[in-house]
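Below you'll find the structure, written out as structure tokens, and then a few comments.
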Number of protein chains: 2
Amino acid sequence: PLSMRESNLLPAKNGEEATMQFLLELVDILTNYVRKSFDRSTKVLDFHHPHQLLEGMEGFNLELSDQPESLEQILVDCRDTLKYGVRTGHPRFFNQLSTGLDIIGLAGEWLTSTANTNMFTYEIAPVFVLMEQLTLKKMREIIGWPSGEGDGIFSPGGAISNMYSVMIARYKYFPEVKTKGMSAAPRLVLFTSEHSHYSIKKAGAALGFGSENVVLLSTDERGRVIPADLEAKILDVKQKGYHPLFVNATAGSTVYGAFDPINEIADICEKYNMWLHVDGAWGGGLLMSRKHRHKFSGVERANSVTWNPHKMMGVPLQCSAILVREKGILAGCNSMCAGYLFQPDKQYDVSYDTGDKAIQCGRHVDIFKFWLMWKAKGTIGFEQHIDKCLDLSQYLYDKIRNREGYEMVFDGVPQHTNVCFWYIPPSLRGMEHNSKEYREKLHKVAPNIKAMMMESGTTMVGYQPQGQKVNFFRMVISNPAALQSDIDFLIDEIERLGRDL
Amino acid sequence: PLSMRESNLLPAKNGEEATMQFLLELVDILTNYVRKSFDRSTKVLDFHHPHQLLEGMEGFNLELSDQPESLEQILVDCRDTLKYGVRTGHPRFFNQLSTGLDIIGLAGEWLTSTANTNMFTYEIAPVFVLMEQLTLKKMREIIGWPSGEGDGIFSPGGAISNMYSVMIARYKYFPEVKTKGMSAAPRLVLFTSEHSHYSIKKAGAALGFGSENVVLLSTDERGRVIPADLEAKILDVKQKGYHPLFVNATAGSTVYGAFDPINEIADICEKYNMWLHVDGAWGGGLLMSRKHRHKFSGVERANSVTWNPHKMMGVPLQCSAILVREKGILAGCNSMCAGYLFQPDKQYDVSYDTGDKAIQCGRHVDIFKFWLMWKAKGTIGFEQHIDKCLDLSQYLYDKIRNREGYEMVFDGVPQHTNVCFWYIPPSLRGMEHNSKEYREKLHKVAPNIKAMMMESGTTMVGYQPQGQKVNFFRMVISNPAALQSDIDFLIDEIERLGRDL
């Protein structure tokens with residue numbers, strides 16, 4: 001029967017049986033993949049170069065054609081797609097801030113795509129719109145805004161959430177920019193850490209501020225903004241006659257996992273009447289932990305907060321929230337009142353039609369998987385997950401900080417699960433650390449080990465340079481499947497692959 | 001066993017059996033929903049007001065709590081979520097541009113969420129990155145750019161795709177705005193039809209142009225831009241000393257389904273050295289039809305094109321492409337070269353790491369479902385779907401244009417599947433059409449019928465006013481499940497509900 005075509009499936013007449021059979025065969029492929037993803041004897045990936053995949057692996061043909069394929073071939077394509085991909089749920093996948101495969105989150109995504117609707121109006125997404133509203137309120141309560149009042153929306157990712165924060169800051173102080181453009185405002189300047197995510201600079205470029213008007217702040221050895229540097233740079237900007245508008249405080253930086261001192265930054269923002277945004281895209285999850293939320297001390301003083309449940313909280317991609325203290329400002333900033341979508345004369349309370357406060361029109365349902373995970377874990381379940389990941393990173397830190405062949409990139413216990421370190425192969429251990437030759441050689445170690453790691457497919461971890469520091473490994477733990485034995489495995493693997501470099 | 005908790009699922013030790021059982025129970029709920037969605041004896045929706053759902057329907061509690069729920073309750077929550085939602089795949093759901101539930105697309109989404117990865121690098125999404133590249137090339141070939149050369153990316157929706165077009169137009173003519181901000185450019189003006197989608201104006205506001213610098217163009221009776229009006233307004237803007245930068249030509253307007261005359265607009269853009277964008281978010285699918293693609297005549301002269309497969313082509317939300325004729329300009333406009341993600345010293349050809357050309361950082365995998373549908377239908381399958389939908393709208397048009405109690409909003413056969421009409425209840429038929437009383441009464445007819453339609457849950461269709469025209473129905477057909485009998489049903493239902501108004 002699978003020599004059948006797509007045209008035999010529903011809505012085709014009598015297509016029900018073929019549809020059910022096809023979907024169940026697919027589910028069989030997917031559940032097998034899920035099972036194997038958690039199995040440590042399975043590889044994380046089976047690496048191939050782009051040209052190899054493009055040439056067609058054992059009949060896996062990526063090219064599109066005029067004629068339809070059989071359903072049988074479609075299922076083979078599905079199997080191949082998974083086969084040549086990367087198992088991001090594997091217990092030894094540590095490559096990105098988003099790792100792991102949460103089964104409830106997965107179930108939520110399957111339901112979301114079955115419902116296939118759009119967040120712009122209550123009319124066609126009544127349940128999801130209410131879930132979003134209740135969940136955002138809960139998140140604002142956790143931030144500490146009185147009664148969870150305020151505003152917010154789920155956006156397609158942290159970069160867009162951060163972009164929202166810059167837009168609404170501008171609207172708050174210079175609302176006429178919405179209609180008249182940037183020429184209606186003085187030269188506006190944004191401030192963010194040199195360790196912050198590049199999306200702040202990207203937003204500055206996109207929204208017409210110009211990336212040169214995004215001033216980078218110096219940090220201490222641990223990657224945290226130095227408040228005195230912020231104030232000095234604000235004064236410098238004011239002296240030039242420009243207008244300091246916005247400060248981004250990072251709560252969990254991408255590489256070091258650093259938390260900027262929010263309270264001290266908030267004092268400065270109040271003094272100079274500036275917007276304070278907290279980018280907790282990566283750190284946000286720590287707000288759920290009684291043990292770790294002190295790192296966010298002062299967050300309730302922020303005007304807006306980015307918080308990505310799809311990172312530390314293990315929600316499937318995409319799930320990012322921008323939360324705002326002032327109610328109504330998102331709509332003020334973005335609304336265009338399209339008559340075909342936001343009719344004022346509907347039979348229900350149209351204040352639930354929240355689409356006009358987005359920069360998007362159609363908007364994917366990102367809330368359901370998160371809501372369902374929250375139901376299934378409870379707030380305490382998220383807390384346990386966060387605490388466990390931080391304990392694991394402490395385990396890694398304790399294991400390597402005095403181990404032969406390792407050097408930590410910064411001193412002290414990491415604030416988040418980021419553990420940054422160099423592995424020094426035996427051949428480099430006796431060398432003068434400040435020599436050019438040593439630095440050049442060390443710079444190549446992490447990329448070399450990473451390349452071999454991917455070729456052997458056993459584990460994955462990220463690396464990068466930072467400022468003057470040559471390539472180092474950045475280990476991050478958000479994967480709920482990871483155990484101490486997986487940390488041990490990673491260290492063994494780095495040593496196995498790097499020994500002879 | 002379903003009194004078990006989420007914590008019993010994988011990655012829990014011995015969690016495999018519980019995981020498989022839970023997922024299969026969920027799939028049973030989902031496949032039942034799919035089956036019923038295509039069954040005309042099922043209602044499109046079971047409408048409830050926000051306060052009713054918030055109060056909790058028969059135990060369906062939307063509130064989040066500290067403690068976890070049982071897996072059994074989670075499955076009940078899933079059932080309830082679907083129960084109180086809207087069946088957008090139902091053969092009689094015509095409410096939005098995106099309708100229908102494509103089984104292959106659904107399978108593609110289920111696989112995508114199981115793979116749960118991120119488009120920013122080849123490293124963690126090798127197959128999906130290549131699929132995106134090949135599919136974008138194919139789309140550019142269909143647009144008519146030589147050898148399918150150019151650039152592009154999938155974005156979270158048409159509004160963001162249109163925003164990209166404005167950003168790259170600005171970058172093309174005033175690249176220094178990226179670093180220096182809008183003050184580095186003269187006052188820039190964008191032009192778009194008064195019938196165009198509001199996202200162009202929204203982009204103008206967001207990107208720092210100001211919505212007043214988005215000039216609306218007059219249209220003919222059918223909603224198509226009048227080229228002479230464009231040229232007059234360009235000259236007016238130039239005379240004021242401003243810089244005309246960008247013209248958006250809509251290919252398939254939201255309400256009328258109108259196609260602006262691209263060739264005539266392209267002539268003007270060439271004459272004044274302006275960027276031509278074609279917003280084919282809604283119309284794009286017609287490019288796949290040999291019969292209808294002439295409506296896009298001249299599209300190959302555009303600098304950029306928005307095309308949303310998630311609308312007319314029936315791909316599940318979200319799936320929107322921005323296609324660009326000039327290669328490399330997206331990266332030029334948006335790249336920030338983040339070292340932690342786009343390391344130049346990887347072992348593979350890093351030109352496949354396409355994330356830096358996006359305004360996003362993390363990016364959801366929107367390509368797979370579309371690629372899989374293309375495989376399953378072939379290009380000819382999309383063509384058949386498009387032709388069938390346009391035939392159905394012609395059927396509707398022929399049926400009502402001379403029918404008693406109907407009045408068409410504009411003359412002539414619609415260019416797209418949009419059929420815009422007033423239903424005139426018997427009580428209004430004898431009245432003077434230009435009287436205030438008639439207009440006021442007619443304005444209330446569509447909202448009233450729509451409210452009753454939603455209460456009875458039998459079908460859904462959109463309405464809105466447009467310019468001086470009072471509320472009218474806008475019928476759109478993109479639903480592959482719709483038959484002539486469903487069109488007949490819609491008309492009967494409007495008459496049944498509207499008869500006594």
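The model shown is predicted, which means the values in this text are computed figures rather than measured ones.
In this structure, the portion of B:Leu9 lying under 4.5 Å from any heavy atom of chain A is its side chain and not its backbone. Looking at B:Glu16, the atoms closer than 4.5 Å to chain A (heavy atoms on both sides) all sit in the side chain, from C-beta outward. Proximity to chain A involves both the backbone and the side chain of B:Thr117, based on heavy atoms less than 4.5 angstrom apart. For A:Ser65, the part lying under 4.5 angstrom from a heavy atom of chain B is the backbone only.
Residues satisfying the ring-ring contact (aromatic ring centres under 6.0 Å, His included) test with A:Phe128, not counting sequence neighbours, are A:Phe368. Here A:Lys377 pairs with A:Asp102, B:Glu6 under the salt bridge (charged side-chain N to carboxylate O under 4.0 Å, His left out) rule; sequence neighbours left out.
Between B:Tyr198 and A:Tyr340, the two ring planes are tilted [angle within 30° to 60°]. Ring geometry, B:Tyr348 versus A:Phe47: the interplanar angle falls from 30° to 60°, so the pair is classed tilted.
You'll find the side chain of A:Leu372 reaches within 4.5 Å of the side chain of B:Ile74, heavy atoms only. Looking at heavy atoms from C-beta onward, B:Pro68 lies in side-chain contact with A:Ile380 at the 4.5 angstrom threshold. In this structure, A:Glu109 and B:Asn116 have side chains that are not in contact, with every pair of non-hydrogen atoms separated by 4.5 Å or more. Counting only heavy atoms from C-beta outward, the side chains of B:Ile160 and A:Ile359 approach each other to under 4.5 Å. Residues A:Gln96 and B:Ile124 are in side-chain contact: their nearest non-hydrogen atoms beyond the backbone lie under 4.5 Å apart. Within the 4.5 Å cutoff, the side chain of A:Trp110 has no heavy atoms near those of the B:Ile29 side chain.
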For this session: Go through A:Glu123 and B:Asn95 one step at a time and tell me if the side-chain hydrogen bond (donor to acceptor under 3.5 Å, both in side chains) criterion holds.
Result: CA-CA 9 Å; A:Glu123 185 171 330; B:Asn95 207 63; 2.9 Å; yes
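Going from atom OG1 of A:Thr114 over to atom CG of B:Leu82 covers 7.0 Å, rounded to the nearest 0.5 Å. Separating the CD atom in A:Gln464 from the CD atom in B:Gln343 is a distance of 6.5 Å, to the nearest 0.5 Å.
Under 4.0 Å is where a charged nitrogen must lie from a carboxylate oxygen, and between B:Glu212 and A:Lys178 no such pair does.
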